[in-house]
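Please read the structure below before turning to the comments.
The basis for the numbers below is simple: all heavy atoms, side chains too, and nothing from hydrogens, waters or symmetry mates. Residues: numbered from 1 along the sequence shown.
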Amino acid sequence: MKNNISELANVLNVNLGLEKCVAYRVLSERGRKIYFPHKGILGQSAEARGMEINATIGTAFEEDGTPLALPTVQKSFAMPEKVVQAAFLYQPSFGKAQLRKKWGEKLLQKNKSLAGVKFSEPVVTSALTHALSVSASLFINPGDTVIIPDLYWDNYDLIFCESYGANIKTFNTFVNGKFDVASLAKAMDTGNGKKIVLLNFPNNPTGYTVTNGEAKEICELLTSCAERGSDVVALLDDAYFGLVYENGIYEESLFGLLATAHQNLLAVKMDGPTKEDYVWGFRVGFITFAFKDASDIQLKALEDKAAGVVRATISNAASPSQEILFNVYSSESYESEKQTKYNTLKTRYEKIKEVLAAHKEYAESFSAMPFNSGYFMCVKINGAEPEAVRQECLKNGLGVIMLSGLIRIAFSAVPLNKIEELFERLHKAVKNCRD
Ligand SMILES: Cc1ncc(COP(=O)(O)O)c(C=O)c1O
């Protein structure tokens, strides 16, 4: 359980002068808990700036090091005058109406299990981070518990704990190379009451997506919990949706399975183009709701509440991005361009599998955690401190992230011809740390 004032926030509070200083005295509980995670992913990534191989941040680069981009997005910067004019104006707090409709249609296209299912219209947020904040604002009371796997994106701490006062309760992510559904079941087995579960597939940091069987098991588990009388909130962070590289892995969002699972189960889908369409800086995301037998009026009420939080926090999301994205989603070449970029990432994924299979000696330095999707993979370091290994990598022109005691590798950002070298340097770094 994690909800005390963290050490990092405490340093800032002490620096302010605690009760002696008006700026501290007037801080809210939330204000006292917030800090900037300088040592987190962003800080580690800043340290790796200029590295020859930089596998830190979850953006994606072409083989030549330029940002990986869909051609239609690039071309959209020379937009028709009408689009340019619209881009100057405010969008509604709900988001551009045609874009919301288009994203809703895309959800149906990408998730066959949503056929015939009633869900809200997506409300536009300022990307996924903000969608997560909106969900926290709507569903988290201080002291509420959010159940998540122990390998999770570190920003959940700031969003759910520090900003909204939640406690994070983790469960074991993997057992014997598989998703540990039994551990999730145990974490949820706390009697009746509100249960908030946050799931993220493809996952950051592991790059793991559940198999078809595991997806079914998770949904059965959440549904049976709702059936026993708990109110279940399933928060689904689908940031890396669609980037699945193996057969037998669940390619849709769990939202499709959970949307009509039970009257006591609210499914909240948070997704967007940031990672899916390689537009990290656009800051557009969506939040969508569903529950069994929901009426139009109920779904509209949830949309209104989400838009209310948007209005209260950012007023409305960036207009140029929404205009460009609507233009892109209406383009005929969009799907094939997206397939091309998916292939770029999949080829890197396959190369990693090949390199690891060819170098059995790496097993003495590190072992790969299960991965099959997304932007990342993680390795567990054998016989050395992961942070020391990260520092050693930096001395050798390799930037990686140390997170939850693992080394995370963003292969989305590493050209194909550097992948072999990346693992060779990592292997050497571990050996140096052990010697
Ligand atoms: C799991 C996960 N969720 C959400 C986000 C936030 O995405 P955005 O940049 O759209 O706010 C990230 C970004 O790294 C992520 O890895």
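- Ring pair Tyr329/Tyr334: centre-to-centre distance below 6.0 Å.
- Under the 4.5 Å side-chain criterion, counting only non-hydrogen atoms from C-beta, Tyr156 is in contact with Ile168.
- For the pair Lys269 and Phe119, the cation-pi test (distance below 6.0 Å, angle within 45°) is failed.
- Lys195 contributes a side-chain N or O that, together with a main-chain N or O of Met188, makes up a donor-acceptor pair within less than 3.5 Å.
- The side chain to side chain contact (heavy atoms under 4.5 Å, CB included) with Phe179 is formed by just one residue from the set Asn172, Asn203, Val210, Thr209; it is Val210.
- Looking only at side-chain heavy atoms (C-beta outward), Leu345 and Tyr245 come within less than 4.5 Å of each other.
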Could you walk me through whether Glu335 and Lys338 pass salt bridge (Lys or Arg N to Asp or Glu O under 4.0 Å), step by step? CA-CA 5 Å; Glu335 295 295 346; Lys338 198 163 168 170; over 6 Å; no
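- No more than 12 heavy atoms of other residues, nucleotides or ligands lie within 6.0 Å of CG in Asn247, so this atom counts as exposed by the packing criterion.
- Shown here is Lys194, whose NZ atom has more than 12 heavy atoms of other residues, nucleotides or ligands within 6.0 Å.
- Between Phe174 and Thr206, some side-chain heavy-atom pair lies under the 4.5 Å cut-off.
- If you check the side chains of Asp157 and Tyr152, you find a donor sitting under 3.5 Å from an acceptor.
- Between the side chain of Thr313 and the main chain of Val309, a donor-acceptor pair closer than 3.5 Å is present.
- Formation of a donor-acceptor pair under 3.5 Å by the Ser373 side chain with backbone atoms of Pro202 is not found in this model.
- The shortest distance between side-chain heavy atoms of Glu303 and Phe94 falls below 4.5 Å.
- Ser135 is listed as a side-chain neighbour of Leu235, based on a closest heavy-atom distance under 4.5 Å.
- Salt bridge Lys110/Glu276: present, at least one basic N to carboxylate O contact under 4.0 Å.
- Within the 4.5 Å cutoff, side-chain heavy atoms of Ile324 are placed close to those of Phe77.
- Atom CD of Glu19 has more than 12 heavy atoms from other residues, nucleotides or ligands within 6.0 Å.
- More than 12 heavy atoms of other shown residues, nucleotides or ligands fall within 6.0 angstrom of atom CD in Gln109.
- Geometrically, Lys216 does not engage Tyr250 in a cation-pi contact defined by less than 6.0 Å to the ring centre and at most 45° from the axis.
- Comment: Asp296 engages Lys118 in a salt bridge, judged by a side-chain N to carboxylate O separation of less than 4.0 angstrom.
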I would like to know whether Thr129 and Arg283 meet side-chain contact (heavy atoms from CB on, under 4.5 Å); could you show each step before the answer? CA-CA 9 Å; Thr129 307; Arg283 311 317 296 151; 3.9 Å; yes
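- Looking at Glu29 and Lys33, no side-chain N of the basic residue comes within less than 4.0 Å of a carboxylate O on the acidic one, giving no salt bridge.
- Contact of the Leu222 side chain with the Leu254 side chain is not registered, since no non-hydrogen atoms from C-beta on lie closer than 4.5 Å.
- At a threshold of 4.5 Å between non-hydrogen side-chain atoms, the residues Tyr342 and Leu243 count as touching.
- In this structure, the side chain of Tyr375 engages the main chain of Lys275 through a donor-acceptor pair within 3.5 Å.
- A side-chain donor-acceptor contact under 3.5 Å links Gln263 and Asp293.
- At least one donor-acceptor pair under 3.5 Å links the side chain of Gln322 to the backbone N or O of Ala317.
- One N or O on the side chain of Arg32 and one on the backbone of Arg25 form a donor-acceptor pair closer than 3.5 Å.
- Checked by atom type and distance alone, the side chain of Ser93 never pairs as donor or acceptor with a backbone atom of Asn316 at under 3.5 Å.
- Counting heavy-atom neighbours within 6.0 Å of Lys300 NZ, excluding the residue itself, gives a total above 12.
- Side-chain N or O atoms of Ser331 include none that pairs as donor or acceptor with a backbone N or O of Asn327 at under 3.5 Å.
- Listed for the Asp277 side chain is no donor-acceptor partner under 3.5 Å among the backbone atoms of Val279.
- Ion pairing between Glu63 and Arg348 holds under the 4.0 Å rule for side-chain N and carboxylate O.
- The 12-atom threshold is exceeded at CG of Leu89, counting heavy atoms of other residues, nucleotides or ligands nearer than 6.0 Å.
- Ser230 contributes a side-chain N or O that, together with a main-chain N or O of Gly193, makes up a donor-acceptor pair within less than 3.5 Å.
- Donor-acceptor pairing under 3.5 Å is recorded for the side chains of Glu337 and Ser333.
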